[in-house]
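Heads up: the structure comes next, in structure tokens.
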2 protein chains.
Amino acid sequence: MREPTFLVLTALAGGPQHGYAVIEDIAGMTGGRVRLRAGTLYAALDRLRAEGLIEVDREEIVQSRLRRYYRLTGAGEQSLTAETARLRTQATIAERRLRARRIQLGGATT
Amino acid sequence: MREPTFLVLTALAGGPQHGYAVIEDIAGMTGGRVRLRAGTLYAALDRLRAEGLIEVDREEIVQSRLRRYYRLTGAGEQSLTAETARLRTQATIAERRLRARRIQLGGATT
DNA sequence: TTCTCATATACCGATCATCGGCATATGCTG
DNA sequence: CAGCATATGCCGATGATCGGTATATGAGAA
């Protein structure tokens, strides 16, 4: 799973949101580092829906503009949980090696 | 950064290794889940070298077979450190949301 | 009024990392 | 001698993401 996809699932884990709100949520979540392109977001939404990880929650018309809300499915929650565990495991392995390396090499840089 | 790339850097954080050893190391590290294809590995090695994140450490001939060892550069170490922090941060955010969600929804599944 | 920006969804071509397969070569083991 | 592990490397296909564009409305600025 790529980063944008993971972030979309994370955004929806907090509760149903419509597309544009997901973009904003992710931007906030990442301190502005990640601002998904519309193409990326809606393609991801379609794909995740086809995979059964998210589904349409409801549709609203606000100021004559459509808002389509999405929510995480059970499968989506499981998938996000597994992916999160994977991220944490890999971070831990990398940190252990980096720490060991610093002890070995000291402050030396190539 | 994609997962295979991250894992290559992690492998080299433990010390210089040649390509094939990196594949084995990553397979072990991920409990067999990730076994990089040769094409992926050598392409990644070339790319990371071009980006200055790794460099050739030395070359050996073992049983008339070439072994090219790679090592992490200072830039590579920095990059891996930053990426690891990012992973950890995102895992934390996702976990917080998943936890809050479980409290909200209880055991309900869609 | 008119322009720009934020909101909101959606499509499109281009890019590029990865996948999967193949080629090549050697040495060990059954 | 066949098959497997070791070892590097190329190649075409796939697919997620990027960047841009289109469409539409309302709000606020010029």
Side-chain angles (χ1 to χ4, degrees), chain A residues 1-12 16-28 30 32-51 53-70 76 79-80 83 86 90, chain B residues 1-12 16-28 30 32-51 53-70 76 79-80 83 86 90:
Chain A
M1 190 183 295
R2 306 258 260 269
E3 198 191 1
T5 302
F6 176 81
L7 291 171
V8 169
L9 292 182
T10 301
L12 294 180
Q17 286 192 89
H18 60 92
Y20 194 83
V22 169
I23 293 177
E24 296 300 312
D25 189 10
I26 290 174
T30 60
R33 186 178 59 85
V34 179
R35 187 170 187 90
L36 258 40
R37 303 283 138 182
T40 305
L41 192 264
Y42 293 104
L45 251 20
D46 287 348
R47 183 167 34 86
L48 291 170
R49 193 155 41 143
E51 289 169 9
L53 302 187
I54 65 172
E55 61 193 0
V56 173
D57 184 68
R58 66 186 189 281
E59 289 183 349
E60 281 179 7
I61 302 292
V62 177
Q63 290 172 337
S64 53
R65 242 182 270 114
L66 174 69
R67 276 188 186 174
R68 185 142 45 218
Y69 286 75
Y70 295 89
S79 181
L80 180 59
E83 190 69 9
R86 185 180 71 71
Q90 285 179 197
Chain B
M1 190 183 295
R2 305 256 260 266
E3 198 191 3
T5 303
F6 176 80
L7 292 170
V8 169
L9 292 181
T10 302
L12 295 179
Q17 287 191 91
H18 60 96
Y20 195 83
V22 169
I23 293 178
E24 296 300 311
D25 189 10
I26 290 175
T30 60
R33 187 178 58 84
V34 178
R35 188 170 184 92
L36 257 41
R37 304 281 137 183
T40 305
L41 192 263
Y42 293 104
L45 252 19
D46 287 347
R47 183 166 35 84
L48 291 171
R49 192 156 42 143
E51 289 169 7
L53 301 188
I54 66 173
E55 61 194 359
V56 174
D57 184 67
R58 67 187 188 279
E59 289 182 350
E60 280 178 7
I61 303 291
V62 177
Q63 290 171 336
S64 55
R65 244 183 269 114
L66 175 69
R67 276 189 186 173
R68 185 140 46 219
Y69 286 76
Y70 295 89
S79 183
L80 180 59
E83 192 68 7
R86 185 180 71 71
Q90 285 180 194

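Below, read A as the first sequence line, B as the second, and so on, with proteins coming before strands; counting in each chain starts at 1.
Taking atom CD1 of residue A:Ile61 and atom P of nucleotide D:dG26, one finds them 12 Å apart after rounding to whole Å. Note: CD (A:Gln63) to P (D:dA24) measures 18 Å, nearest angstrom. A:Leu66 has its CG atom 16 Å from the P atom of C:dT7, to the nearest Å. When rounded to the nearest whole Å, the span between CD of A:Glu24 and C1' of C:dC5 equals 12 Å. Between the P atom of C:dC16 and the CG atom of B:Asp46 lies a distance of 16 Å, rounded to the nearest Å. In this structure, the CZ atom of B:Arg67 is 16 Å from the P atom of C:dT26, given to the nearest Å. Atom pair A:Asp25:CG and C:dA6:C1' shows a separation of 17 Å (rounding to whole Å applied). Rounded to a whole Å, the CD1 atom of A:Ile23 is 13 Å from the C1' atom of D:dC18.
Rounding to the nearest 0.5 angstrom, the gap separating the CD1 atom in A:Ile26 from the CD atom in A:Gln17 is 8.5 Å. The distance from atom OG1 of B:Thr5 to atom CG of B:Leu45, rounded to the nearest 0.5 Å, is 10.5 Å.
Neither OP1 nor OP2 of C:dA6 sits under 4.0 Å from any side-chain N or O of A:Arg65. Listed pair B:Ser64 / C:dG27 meets the phosphate criterion, a side-chain N or O lying under 4.0 Å from OP1 or OP2.
The 5' end of DNA chain C is approached more closely, in terms of each residue's nearest nucleotide, by A:Val62 than by the other of A:Arg2 and A:Val62. Looking at which nucleotide of DNA chain C each of A:Gly19 and B:Pro4 is closest to, the 5′-most match is held by A:Gly19.
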Run the numbers on A:Gln90 and B:Thr10 for side chain to side chain contact (heavy atoms under 4.5 Å, CB included), then give the verdict. CA-CA 9 Å; A:Gln90 285 179 197; B:Thr10 302; over 6 Å; no
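Checked for salt-bridge contact, B:Arg68 and B:Glu60 miss the test: no charged N lies under 4.0 Å from a carboxylate O.
Nearest approach of A:Tyr20 to A:Tyr42, heavy atoms of both residues: N-OH, 3.7 Å. Shortest non-hydrogen contact noted between A:Leu36 and A:Val34 is CD1-CG1, 3.4 Å.
Nearest to the side chain of A:His18, among C:dT18, C:dA8, D:dA16, sits C:dA8.
Annotation: side chain of A:Leu48 is in contact with side chain of A:Glu51 (closest heavy-atom distance under 4.5 Å).
Of the residues in residues 32-43 of chain A, A:Ala38, A:Gly39, A:Tyr42 come within less than 4.0 Å of DNA chain C through at least one heavy atom, sorted by number.
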